[in-house]
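One structure is given here, and the rest of the page talks about it.
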Amino acid sequence: MRPILLGIVAAFFFAFTFVLNRSMDLDGGSWIWSASLRYIFMVPFLIVIVLVRKNFKALWVEMKRHPVAWLLWSFVGFGLFYAPLSFAAAYGPGWLIAGTWQLTIISGSLLAPLFFLTIHTEKGPTRVRGKIPFIGLGMSGIILIGVMLMQVDQATTLSIKAVVLTVVPIMIASFAYPLGNRKMMDLTGGRLDAYQRVLGMTLASMPFWLLLSAYGVATVGLPSVSQTSQAFIVAISSGVIATVLFFQATDIVKGDMAKLAAVEATQSAEVLFAVFGEIVWLSAPLPSVISSAGIILVIVGMILHSYVSHTPRKNMKPS
């Protein structure tokens with residue numbers, strides 16, 4: 001249960017992203033700075049943490065070993081994840097962003113065939129291609145039904161343009177985040193801890209964020225003090241705390257696609273935390289009866305997903 005609990009706590013801190021990104025947009029801030037400032041602010045904190053733990057040298061060795069792979073998968077896992085997510089906040093409310101983001105639950109499961117697992121049989125260890133965990137995928141369906149119920153009351157008030165410019169970027173992000181995370185786990189082979197991996201991916205994605213910042217200066221100017229301070233909060237809560245906790249959870253269950261899907265399913269709790277955050281922070285109205293039913297389905301789906309992920313599979317043990 002530890003990976004599941006870590007995932008839920010991570011979801012709480014991730015929820016700051018949806019609430020504060022929407023707040024920054026309502027204050028007139030650009031999505032460009034909401035995205036790039038988060039990762040720029042993350043760097044010094046992560047460097048200090050890794051240096052204090054005396055793990056920076058090992059990280060540097062790993063990054064020099066496969067520099068192109070680090071740049072590519074960090075861009076996918078962080079760049080193609082957070083830039084589209086921030087862009088979407090300019091066109092849709094936080095509840096829609098958080099709700100649509102739950103597509104990552106299914107996206108992560110569908111990525112399983114792209115990876116190989118080492119299983120132990122009577123003939124010894126064998127490498128096999130991962131399979132889509134259909135039972136867990138069914139539990140993800142329950143979660144998504146709950147998410148749709150939470151959105152149904154408000155979805156009719158949005159224009160088609162707003163829906164497209166919200167949903168399409170988040171669909172891209174929902175595949176990019178688990179893909180980049182899993183590829184980096186494969187690349188490092190357990191030689192780095194979560195702090196090292198988050199720092200390495202942040203540093204490797206920095207060329208993208210600096211280019212995006214330069215584009216921001218040229219097109220929208222510098223960010224306001226309010227946006228800078230809110231982006232700083234997002235960097236600490238979502239960028240450092242939530243990402244490290246989530247990476248720790250996925251590290252624990254790496255090699256078991258069903259349990260990995262269950263950990264990724266805990267991120268559905270972001271919807272619950274985002275709803276509460278918008279009520280408190282942005283004075284959003286209370287959820288309706290239908291939305292409340294959706295919240296209950298999300299919780300039930302998470303519990304069932306966690307349960308089926310712990311069902312023993314004969315002769316299959318992740319290495």
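In this text the structure is predicted, and so the values were computed from the model without any measurement. We number each residue from 1, following the sequence as shown.
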Supply the atom-to-atom distance S30 OG to L222 CG, rounded to the nearest 0.5 angstrom. 11.5 Å
Between V43 and T202, what is the shortest heavy-atom contact and its length? CG2-CG2, 3.7 Å
Could you check if a side-chain atom of W33 sits within less than 4.5 angstrom of a side-chain atom of V217, using non-hydrogen atoms only? yes
Could you check if a side-chain atom of F13 sits within less than 4.5 angstrom of a side-chain atom of T243, using non-hydrogen atoms only? no
Any chance you could measure R38, atom CZ, to Y82, atom OH, to the nearest 0.5 Å? 5.0 Å
Between D193 and Q196, is any pair of side-chain heavy atoms under 4.5 Å apart? yes
Test item: side-chain donor near acceptor, S86 and S34, under 3.5 Å: no
Taking the basic N atoms (NZ, or NE/NH1/NH2) and the acidic carboxylate oxygens, is any pair closer than 4.0 Å for D186 and K183? no
With side chains defined as the heavy atoms from C-beta onward, is the minimum distance between L5 and R2 less than 4.5 Å? no
Can you tell me how far apart OG (S229) and CE (M24) are? Round to the nearest 0.5 Å. 9.0 Å
Give a yes or no on whether L203 and L51 share a hydrophobic cluster (residues Ile, Leu, Val, Met, Phe, Trp, Tyr; joining criterion: side-chain heavy atoms under 4.5 Å apart). yes
Here's a test for you: under side-chain contact (heavy atoms from CB on, under 4.5 Å), which of I252, T250, V244 qualifies with L6? I252
According to a 4.5 Å side-chain heavy-atom criterion applied to Ile, Leu, Val, Met, Phe, Trp and Tyr, with indirect links allowed, do M148 and V300 form part of one hydrophobic cluster? yes
Looking at Y39, W73, F175, W101, which hits ring pair (Phe, Tyr, Trp, His ring centres under 6.0 Å) with F81? W101
Could you report the tightest heavy-atom contact between L297 and G146, atom names first, then the distance? CB-CA, 3.6 Å
Over all atoms of both residues, closest heavy-atom pair of T228 and P223: OG1-CG, 3.7 Å
Side-chain contact test, heavy atoms from C-beta onward, threshold under 4.5 Å: evaluate it for D27 versus S224 and give yes or no. no
So CZ of F56 and CD1 of I47: to nearest 0.5 Å the spacing works out to 6.0 Å
Could you tell me which residues satisfy side-chain contact (heavy atoms from CB on, under 4.5 Å) with V240, sequence neighbours excluded, listed by chain and number? M42, F45, L46, I49
Does some side-chain heavy atom of V298 sit less than 4.5 Å from a side-chain heavy atom of V271? no
Following the transitive rule for hydrophobic clusters with a side-chain heavy-atom cut-off under 4.5 Å over Ile, Leu, Val, Met, Phe, Trp and Tyr, establish whether L165 and I170 coincide in one cluster. yes
Might you point out which heavy atoms bring F16 and S238 nearest each other, and give the distance in Å? CB-OG, 4.0 Å
Using every non-hydrogen atom in the two residues, find where T104 and S174 come nearest and quote the distance to one decimal. OG1-O, 3.1 Å
Other residues, nucleotides, ligands: >12 heavy atoms within 6.0 Å of F276 CZ: no
Taking side chain as C-beta onward, heavy atoms only, is I97 less than 4.5 Å from R22? no
Sole residue of F18, F273, F246 in ring pair (Phe, Tyr, Trp, His ring centres under 6.0 Å) with F12: F273
Output for pair (M201 CE, L71 CG), nearest 0.5 Å, gives 11.5 Å
Hydrophobic clustering (ILVMFWY, side-chain heavy atoms < 4.5 Å, transitive) - are V220 and Y91 grouped together? yes
From I145 CD1 over to L149 CG, what is the distance, rounded to the nearest 0.5 angstrom? 7.5 Å
Check E62 with R191, please: is the shortest side-chain N to carboxylate O separation under 4.0 Å? yes
For the residue pair W209 / S205, report whether a side-chain donor-acceptor contact shorter than 3.5 Å exists. yes
pair N181-F247: side-chain heavy atoms closer than 4.5 Å: yes
Under the side chain to side chain contact (heavy atoms under 4.5 Å, CB included) rule, what do I32 and Y215 come out as? Steps first, then yes or no, please. CA-CA 8 Å; I32 295 172; Y215 175 72; 3.5 Å; yes
Using every non-hydrogen atom in the two residues, find where L282 and S23 come nearest and quote the distance to one decimal. CD2-CB, 3.9 Å
Assigning hydrophobic clusters by single linkage (Ile, Leu, Val, Met, Phe, Trp, Tyr; side-chain heavy-atom cutoff under 4.5 Å), is L245 placed with V48? no
